[in-house]
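Since the structure comes first, as structure tokens, the remarks are kept for the end.
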Amino acid sequence: MKTFTEKVRAIVAKIPKGKSMTYKEVATKAGNPKAARAVGAIMRSNYNRDIPCHRVVKSDGSLGSYNRGGTLRKRELLKAEGTL
DNA sequence: TAGTTGACCGGAA
DNA sequence: ATTCCGGCCAACT
């Protein structure tokens, strides 16, 4: 049983190409359905190349936010991968 | 140890 | 449909 952060990182890293998960989904699979906020905070502090955080979106259907460009950058990344 | 912050969610006005 | 408010969790100071 690892920490919440490790679980979240592993789950996000397991997101297949062309697919997207919501922060809530990741939080739920990580063990805390209500930790969607924490997931975002973790991504913000732990965004690596092994962790496609841009594939993680909000439950409302919006993309959410992202580093270096925010939502706009995220949208471009998703479109470039085929997740869109 | 306690307080503040934030890439969120859901319900209400 | 949009805007406001409260709540939950982990990380940072």
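Note that these values count all heavy atoms, side chains included, but never hydrogens, waters or copies made by symmetry.
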Main-chain N/O of A:Arg55 paired with A:Lys19 side-chain donor or acceptor, under 3.5 Å: no
* To do: Measure from the side-chain N and O atoms of A:Thr71 to the backbone N and O of A:Gly64, and report whether any donor-acceptor pair falls under 3.5 Å.
  => yes
To the nearest Å, how far apart are [X] [atom1] and [N] [atom2]?
X	N	atom1	atom2	value
A:Ile15	B:dA7	CD1	C1'	13 Å
A:Glu25	B:dC8	CD	P	16 Å
A:Lys24	C:dG7	NZ	P	16 Å
A:Lys29	B:dC8	NZ	C1'	17 Å
A:Met21	B:dC8	CE	P	16 Å
A:Lys58	C:dC8	NZ	P	19 Å
A:Tyr47	C:dA11	OH	P	17 Å
A:Arg9	C:dA11	CZ	C1'	14 Å

Check your understanding: Do any side-chain nitrogens or oxygens of A:Thr5 fall under 4.0 Å of OP1 or OP2 in C:dA11?
Key -> yes
Report yes if at least one side-chain N or O of A:Asn32 is closer than 4.0 Å to OP1 or OP2 of C:dC8; otherwise report no.
no
Taking the minimum atom-to-atom distance to the side chain of [X], which one of [options] wins?
X	options	value
A:Asn67	C:dA11, B:dA7, C:dC9	B:dA7
A:Ser45	C:dA10, B:dA7, C:dC12	C:dC12
A:Ile42	B:dA7, C:dC9, C:dA11	C:dA11

Heavy atoms of A:Met21 and A:Val26 approach each other most closely as CB-CG2, 4.1 Å
Between A:Lys34 and A:Asn46, whichever has its closest DNA chain C nucleotide further toward 5' is A:Lys34
**Message:** Regarding B:dG6, can its base be found pairing with the side chain of A:Arg37 as donor and acceptor, where the two atoms are less than 3.5 Å apart?
**Reply:** yes
Between the base of B:dA7 and the side chain of A:Tyr23, is there any donor-acceptor pair under 3.5 Å?
yes
Output for pair (A:Phe4 CZ, A:Ile42 CD1), nearest 0.5 Å, gives 5.0 Å
For this session: Describe the nucleic acid contact of A:Ala38 in one word from base, sugar-phosphate, nothing, applying a heavy-atom distance below 4.0 Å.
Result: base
Worksheet item: In terms of side-chain geometry, is the basic nitrogen of A:Arg9 or A:Glu6 positioned less than 4.0 Å from the acidic oxygen of its partner?
Response: yes
